[in-house]
Amino acid sequence: MEHTPTIRSKIETELKQRGYSFSSFSKISGINRGTFSTMLNSNPPKPISVRQMDLITKALGYPEGWLYELYIDECFYAGKGHWKRIKPFLLRCVELERKDCIQKVLSRLTEDLSYVLTIFELAEELHKGGKEAIPFYECVVENERYYHSERLAISQYRLFSYSLNKDLENNRQQAIKFAPYRKNLPENHQLDALLKLANVYYQVDDCETTIQYAKELEVIATNIYQQQIQARLKKREVKALNTERHLIVYYGQAYLMQGNILEKQGRYEEAMEFIPYYADLTAFEGLDEVGILEVRKFEMWAKANHLNLEILMGDITNLPAYVELIRDNPQEILLGLLTILESANTYNYTIDDILILFDENINEFRDLRTNISYYKTNYNLVTYSRFFLELSRYYFNKGNYSEAIDSMLNSLKASSQLNDKAFYIKSIMLLFEKYKDHSTHEQRAEYEKVLKAVEYNIKQLTP
């Protein structure tokens, strides 16, 4: 029967092969000679700390994490888990990305379910420090006994937040998985969760679900704000909310998002009714410097959305004012030009001078530059897809087929990165196939290339 090596037998073998005595190795490792001796020779031997294990590893010239698989037994000395050794070891495994060791330790720990709370607390500590916490939250989810527990809901929320990316179908599936837990969250987490849920469904054009979560966000944000007002009236301390954003963001976004969804549905008059709710929030109590900056953003969005809705309804009287507004606010140029294009395509008027004015910006948009947002997604890609689709329609209507097909391909590229099936079908079937005879050989080759990428992504998502 083959003898299974232990961490101590491996260390002893290394010392013998290299001719080290306890005294000589103590000098190069920095571990006291007596301490080192008790680790190997005492009966029972003294447990080895992860720091001491790292010092031994360094002194022997091995890479960090050497013998960590065997060190797991040291964490469960005499068959019992010892958190004072387990926690430092897990933290080192996180630093070294030793997920294999993390999983083995968590598996052994959860043989005793009383450790679930301890694992959750460590996950929150890691999350707060910006470190990898996914395996720990997954462990809580797998082992939590009570469906309605707060820590289960928080763990599900953390995993939902980590999972968000530029893949729209992934985000939708993750939202479906997380949503049932949202009401078991503390109110501060509910605010963050509902804002992210609403954003996910907004991006996939699920208007009904977006409105549902926006209304829930409105109710909770309003209730918390009223509680704060009452606390101030009674001269009580207003508790820190501990959210990712200022309270005013959740309050204003609840109304802004409902208006934006109505706009998506073409219900422009109804959308206009939501603007006063976020147009002037200067009277909002408890505003600090960050809150005042957010108020100014909402003021600008309200002005932009008012002009935006007028233009979408065919009133282009204030089109020059809208153009100036987006020029003064570069972050609004992409959405602003999308609005102008939609209106021009609907009401059949020419905006060549505006496109020339923003030519440099449009050329930058063609690069489909990505920057992950607060929502851990890339909303720019969604807007790029829509923008270039509308731009291609505009050029098709003018008979400028070369520019139209180039814009079409840009729309497809953005959609393929998003796994945006709805726009994939819409853009391919309604435009490219219709005008394929007007495309160049290079454009058809590019089309085939992008099409393969889209088809591959769809296959990846198909069970």
Side-chain angles (χ1 to χ4, degrees), residues 1-126 128-129 131-140 142-143:
M1 183 174 178
E2 187 177 344
H3 176 66
T4 303
T6 65
I7 197 165
R8 286 170 176 76
S9 67
K10 291 286 288 184
I11 294 171
E12 287 173 345
T13 298
E14 288 290 331
L15 295 181
K16 288 178 182 178
Q17 287 178 349
R18 300 176 187 225
Y20 285 124
S21 65
F22 285 168
S23 179
S24 61
F25 190 71
S26 173
K27 291 178 182 177
I28 66 166
S29 66
I31 301 173
N32 178 274
R33 180 188 181 283
T35 301
F36 191 66
S37 176
T38 57
M39 288 180 196
L40 300 183
N41 292 336
S42 294
N43 190 16
K46 181 179 179 181
I48 306 171
S49 72
V50 70
R51 178 182 171 276
Q52 290 166 338
M53 189 64 238
D54 288 341
L55 288 173
I56 293 168
T57 299
K58 184 178 180 182
L60 292 173
Y62 281 105
E64 290 183 305
W66 179 63
L67 297 188
Y68 268 26
E69 297 88 346
L70 296 178
Y71 187 81
I72 293 172
D73 287 333
E74 201 73 10
C75 295
F76 295 87
Y77 196 71
K80 181 182 178 183
H82 297 270
W83 188 245
K84 287 185 178 180
R85 282 195 293 281
I86 292 172
K87 181 179 179 180
F89 179 58
L90 287 173
L91 292 175
R92 277 295 285 153
C93 287
V94 169
E95 289 176 11
L96 299 178
E97 299 183 357
R98 290 297 303 269
K99 293 183 180 181
D100 55 333
C101 292
I102 292 172
Q103 293 293 354
K104 288 176 182 177
V105 171
L106 293 179
S107 178
R108 289 181 65 170
L109 267 181
T110 49
E111 290 173 7
D112 178 357
L113 291 181
S114 66
Y115 274 108
V116 172
L117 173 59
T118 307
I119 294 167
F120 172 73
E121 289 172 345
L122 178 57
E124 288 288 89
E125 181 183 323
L126 289 166
K128 188 176 180 181
K131 296 180 180 178
E132 173 65 72
I134 290 176
F136 302 91
Y137 287 119
E138 288 177 339
C139 181
V140 174
E142 290 169 6
N143 293 281

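Only heavy atoms go into these numbers, but all of them, side chains included; no hydrogens, no water, no symmetry mates.
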* Can a salt bridge be assigned to the pair Asp73 and Arg108 using a cut-off of 4.0 Å between side-chain N and carboxylate O? -> yes
* Non-hydrogen side-chain atoms of Leu106 and Glu138 separated by less than 4.5 Å -> no
* Side-chain donor/acceptor of Arg92 to backbone N/O of Glu64, under 3.5 Å -> no
* Asked: Can a salt bridge be assigned to the pair Glu14 and Arg18 using a cut-off of 4.0 Å between side-chain N and carboxylate O?
  -> yes
* With rounding to the nearest 0.5 Å, note down the distance linking CG in Leu67 to CD1 in Ile72. => 11.5 Å
* Could you check whether the rings of Phe36 and Phe22 sit parallel, tilted or perpendicular, using 30° and 60° as the cut-offs? => perpendicular
* Asked: Do side-chain atoms of Ser29 reach the backbone of Phe25 as a donor and acceptor pair under 3.5 angstrom?
  -> yes
* Asked: Between Gly81 and Tyr115, which heavy-atom pair has the shortest distance, and what is it?
  -> O-OH, 3.4 Å
* Using atom types as modelled and distance alone, determine if a side-chain donor or acceptor of Glu97 lies under 3.5 Å from a backbone N or O of Lys99. => no
* Are Val105 and Lys87 close enough that some pair of their side-chain heavy atoms sits under 4.5 Å apart? -> no
* For atom CZ of Arg51, is the number of surrounding heavy atoms from other residues, nucleotides or ligands below 6.0 Å larger than 12? -> no
* Asked: Do any N or O atoms from the side chain of Thr13 and from the backbone of Ser9 form a donor-acceptor pair under 3.5 angstrom?
  -> yes
* Structure fact -> Minimal heavy-atom distance between Leu109 and Phe76, with the atoms involved, is N-CZ, 3.9 Å
* To do: State the SG-OH distance between Cys93 and Tyr71, to the nearest 0.5 angstrom.
  => 10.0 Å
* Asked: Do His82 and Pro47 touch side chain to side chain, with heavy atoms closer than 4.5 Å?
  -> no
* Just how far is it from atom CG of Leu40 to atom CD1 of Ile48, taken to the nearest 0.5 Å? -> 6.5 Å
* Asked: So, Glu74 versus Tyr68: side-chain donor-acceptor pair below 3.5 Å or not?
  -> no
* Atom pair CG/OG1 of Asn143 and Thr110 - distance to nearest 0.5 Å -> 4.0 Å
* Worked verdict on Phe136 versus Glu121 for side chain to side chain contact (heavy atoms under 4.5 Å, CB included) -> CA-CA 9 Å; Phe136 302 91; Glu121 289 172 345; over 6 Å; no
* Report the C-alpha separation of Leu122 and Leu126 in whole Å, then their side-chain angles, then the decisive distance to 0.1 Å, and conclude whether the side chain to side chain contact (heavy atoms under 4.5 Å, CB included) test is met. => CA-CA 6 Å; Leu122 178 57; Leu126 289 166; 4.1 Å; yes
* Check for a donor-acceptor pair, side chain of Thr57 on one end and backbone N or O of Met53 on the other, with a separation under 3.5 Å. => yes
* Structure fact -> Rounded to the nearest 0.5 Å, the CG atom of Leu55 sits from the CG atom of Leu60 at a distance of 11.0 Å
* **Nearest-0.5 Å distance that lies between atom NZ in Lys10 and atom CH2 in Trp66** => 6.5 Å
* Asked: Of all residues at least two apart in sequence or in a different chain, which pass the salt bridge (charged side-chain N to carboxylate O under 4.0 Å, His left out) check with Arg98?
  -> Glu69, Asp100
* Where do Ile56 and Tyr62 land on the side chain to side chain contact (heavy atoms under 4.5 Å, CB included) test, with the steps shown first? -> CA-CA 9 Å; Ile56 293 168; Tyr62 281 105; over 6 Å; no
